[in-house]
Amino acid sequence: MTRREELLAEMGLAPIWRLRKRTASGPTAEQRAERQWIEIKQAVPACTACGLHKTRTQTVLGVGDENADWLLVGEAPGAEEDRLGEPFVGQAGKLLDNMLAAIGLKRGDNVYIANVLKCRPPGNRNPEPNEVAKCTPFLKQQIELIRPKLIVAMGRFAAQTLLATDATISSLRGRVYRYEGVPLIVTYHPAYLLRNLPDKAKAWADLVFAKKTMQAL
Ligand code: SF4
């Protein structure tokens, strides 16, 4: 440190060239991401882009580690999610937590969970194409911010939306796709598995496949 810098330090001041350097460098990538998370967390609860805002109790953005390697994407909030503001709660949520535990994962720990739609369709009806089209930009932004290593699309709507296809889950399973460059694997939605117990074994195989894919990345 020069004598001049020492004097400035004694006065509690930083040399002007250092201040200029800090200002000129602008926000870091982390600071930009932090700001964008704040913006999306304000934008989603205020969103009225589709008719679902009229019937929701609250929006459900997503939950978990915002720097996760694993991103799980489901369809839309159900009644419990709408009430509590968190995705995958209730019976389907418990099943999902058990499935995650079986491959050594835990909700919130290197895992982020979100839905295609952020508001509950009344009576848990299927999402309509215009609702999916209006809401997808939020999910896209989440994916850009999280930058996961692997996406697991759970259920028909998540898979068809992210892969822009009409293909069925059974025909999409067992392969690695790409969404904006991020590897993506398709499996069944836990709510579907609760109604179709024999397909649990297939979902288990999908998760093992996902884990192997992640290990190879
Ligand atoms: Fe907005 Fe999505 Fe809710 Fe529709 S479902 S009101 S697009 S947040």
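Each ligand, and each atom within it, is numbered from 1 in the order the structure gives. What you see is a predicted model, and the numbers here were worked out from it, not measured in a lab.
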Heavy atom of the protein closest to atom 2 (Fe) of ligand 1 (residue, atom name, distance): C135 SG, 2.3 Å
Which residue and heavy atom of the protein sit nearest atom 1 (Fe) of ligand 1, plus the separation: C47 SG, 2.2 Å
C50 near atom 1 (Fe) of ligand 1 via N/O/S, less than 2.8 Å: no
Donor on one side chain, acceptor on other, Y188 and D206, under 3.5 Å: no
E75 with R156: basic N within carboxylate O range, under 4.0 Å: no
Neighbour count above 12 (heavy atom, 6.0 Å) for K41 NZ: yes
K118-Q142 side chain donor-acceptor pair, cut-off 3.5 Å: yes
Check ion pair D199-K202 (N to O, under 4.0 angstrom): yes
Under-4.0 Å heavy-atom contact with ligand 1, by part of R56 that carries it: side chain
Taking atom 3 (Fe) of ligand 1 as the reference point, the nearest protein heavy atom with its distance: C119 SG, 2.3 Å
